[in-house]
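In what follows, chains carry the letters A, B, and so on, assigned in the order in which the sequence lines appear, proteins first and then strands, with residues in each chain numbered from 1.
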2 protein chains.
Amino acid sequence: MSNDFRNLRKVKLFTELPTTALQLMYDSARPVQMEAGCFFFHQNERAEMMYVLLDGQVKMTLLGPEGRQVLIRIVAPCEDFGAVSAIVGSDYPLTAEAVTRCRTLAWEQKDIMRIIDSYPMLRETAFQIAVKRFRQLQKRFRELATESAEQRIARALLRLSNQAGLPKTEGMLIDLALSRGDLAEMTGTSLYTVSRTLSQWERDGLLKNGRGKVLIRDCAQLITLATPPENPPFN
Amino acid sequence: MSNDFRNLRKVKLFTELPTTALQLMYDSARPVQMEAGCFFFHQNERAEMMYVLLDGQVKMTLLGPEGRQVLIRIVAPCEDFGAVSAIVGSDYPLTAEAVTRCRTLAWEQKDIMRIIDSYPMLRETAFQIAVKRFRQLQKRFRELATESAEQRIARALLRLSNQAGLPKTEGMLIDLALSRGDLAEMTGTSLYTVSRTLSQWERDGLLKNGRGKVLIRDCAQLITLATPPENPPFN
DNA sequence: CGCCCTATTTGCGCTGGCGCAAAGACAACG
DNA sequence: CGTTGTCTTTGCGCCAGCGCAAATAGGGCG
């Protein structure tokens with residue numbers, strides 16, 4: 001449906017593009033569906049495709065040799081993934097897995113390159129997006145290195161709520177089919193610590209837990225928890 | 001001295017540049033010196049300059065609100081810093097501090113932009129450098145989230161030795177004026193843990209410690225330590 | 001050569017967070 | 001509407017790593 005075309009406008013990578021170019025993109029796109037649990041690509045594979053998520057959720061993870069994996073990024077609808085890799089022509093650094101059933105639009109690298117030749121600003125925008133994500137990761141790195149598990153979990157919830165929260169009368173609903181384990185991989189903690197922490201917060205009336213979802217009742221309080229324990233009360 | 005010009009060739013950002021362009025860069029550069037402990041720039045300042053380090057050492061750190069800082073990157077001679085920020089025209093995400101007395105070449109943003117207009121590949125190269133650093137940080141993020149302090153410290157030493165190690169007859173010397181505290185900020189541990197770990201390794205004959213320096217005797221052993229405790233002995 | 005300042009080491013006690021294991025809660029499916 | 005598999009919670013014990021405090025060791029400078 002042409003609703004998809006309209007959604008392309010919302011993709012940050014494309015916002016600067018003139019309509020003719022967007023039409024060109026749309027025409028050369030290939031719809032790709034993926035069942036929950038399936039993989040768009042794996043890390044270290046050559047980046048031959050870029051994707052825009054229309055519907056569903058994708059998680060991007062990094063595995064180490066024999067080490068547990070970490071969750072670097074959650075992709076929400078109208079976001080691109082694999083684009084930076086395809087544009088610079090490298091390997092995918094991460095693995096992209098469908099968390100739920102997904103609808104996407106996909107482009108082959110050579111088609112993108114052709115379009116970029118006509119609209120170089122596309123590469124420019126990709127650069128800026130990459131830099132922005134880079135900086136977000138730097139911040140998360142600092143948090144991981146210096147803050148407590150509780151703070152990191154609070155921050156993760158806030159980010160998720162910001163990225164994909166659904167406003168409800170009782171609060172902000174995060175319904176991302178994210179297990180406790182996923183949250184642990186985002187925050188560099190363990191499944192158990194996440195569970196205990198969320199349970200505690202539920203007892204405090206801060207939020208309401210569900211399987212794979214969280215309803216945030218008191219956002220302000222959560223922000224307080226995410227913030228360092230306040231500068232020393234000076235004495 | 002024109003030795004500086006020759007060194008520009010070694011800067012990854014410039015390797016693809018034709019000699020005429022390199023000459024142009026050199027001519028519009030301004031030499032900047034900095035004493036140990038002084039700052040080239042602070043995070044969140046507008047990026048008005050980019051630098052190439054000729055001599056000395058620079059460390060780039062990220063501070064959190066009231067949180068301890070982390071050390072994201074060590075800059076060795078013939079590396080650029082602040083370049084990505086200046087080229088995309090954003091703020092500096094990090095603070096750059098001279099660890100030792102430093103000699104650099106510096107460019108104003110507007111001059112860079114002018115040269116980029118003539119040699120767009122410069123922006124392209126900057127893009128690729130940014131992506132590369134992004135990926136290195138992703139790896140470090142995974143390590144920080146999933147590996148032990150000992151492993152992370154071993155890895156940090158290996159990286160440093162790789163980046164700026166001086167081969168000696170007795171082993172690889174890392175002489176970067178890096179304190180135990182700096183190592184701790186690189187690895188997300190504490191000064192005490194770094195000290196204890198290095199002392200232990202010295203007792204094991206793995207390396208030799210000095211003030212602000214480390215001499216690696218047994219690199220292979222260090223690699224073993226950096227690698228996960230080997231897959232379960234299968235049973 | 002000796003003093004002083006700063007970096008480093010190390011003993012000690014403490015605790016945040018891990019991870020097993022078992023019990024409990026959901027959702028899906030037949 | 002019960003069964004089954006998966007996700008989640010929680011009690012419990014444990015230990016890696018933190019951080020204070022005090023001792024020690026260099027290096028640089030007068």
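- The residue B/Ser195 sits close to a base: some heavy atom pair falls under 4.0 Å.
- As a whole-Å value, the separation of B/Leu144 CG from C/dG17 P is 14 Å.
- Between A/Glu202 and A/Lys208 there is a side-chain heavy-atom pair separated by less than 4.5 Å.
- Note: NZ (B/Lys208) to P (C/dT8) measures 13 Å, nearest angstrom.
- Position along DNA chain D of the nearest nucleotide to B/Lys213 versus A/Ser179 favours A/Ser179 as the more 5'-ward residue.
- B/Leu198 comes within contact range of no nucleotide atom at all, as no heavy-atom separation falls under 4.0 Å.
- Between the side chain of A/Arg196 and the base of C/dG19, at least one donor-acceptor pair of N or O atoms lies under 3.5 Å.
- Of all heavy-atom pairs spanning A/Gln138 and B/Leu137, the tightest one is CG-CD2, 3.4 Å.
- One finds no side-chain N or O of A/Arg152 lying less than 4.0 angstrom from the OP1 or OP2 phosphate oxygen of C/dG17.
- Between C/dA7, D/dT8, D/dT9, one nucleotide has an atom nearer to the side chain of B/Arg211 than all others, and that is C/dA7.
- Among all heavy-atom pairs drawn from A/Ala96 and A/Met60, the shortest one is CB-CE, 4.2 Å.
- As rounded to whole Å, 9 Å separates atom P of C/dT10 from atom CD of B/Glu202.
- In terms of heavy-atom proximity, B/Leu173 sits nearest to B/Val214 at CD1-O, 3.5 Å.
- Rounded to whole Å, atom P of D/dG19 lies 12 Å from atom CD of B/Glu185.
- One can place CH2 of A/Trp201 at 16 Å from C1' of D/dT9, the figure rounded to the nearest angstrom.
- Taking the side chain as every heavy atom from C-beta outward, A/Asn209 and A/Trp201 never approach each other to under 4.5 Å.
- The separation between B/Leu183 atom CG and D/dG17 atom C1' is 16 Å, rounded to whole Å.
- In this model, the phosphate group of C/dT10 is approached by a side-chain N or O of B/Ser199 to a distance below 4.0 Å at OP1 or OP2.
- A straight line from CG of A/Leu178 to P of D/dC7 spans 13 Å, rounded to a whole angstrom.
- Among the protein residues, A/Gly212 comes within range of the sugar-phosphate backbone only, with heavy atoms under 4.0 Å from sugar or phosphate atoms but none that close to a base.
- Side chain of B/Tyr192, nearest nucleotide from D/dG27, D/dT9, C/dT9: C/dT9.
- Side-chain atoms of A/Arg180 and base atoms of D/dT9 include no donor and acceptor less than 3.5 Å apart.
- Side chain of A/Ala149, nearest nucleotide from C/dG17, C/dT9, D/dG19: C/dG17.
- Distance, B/Gln200 CD to C/dG11 C1': 15 Å, rounded to whole Å.
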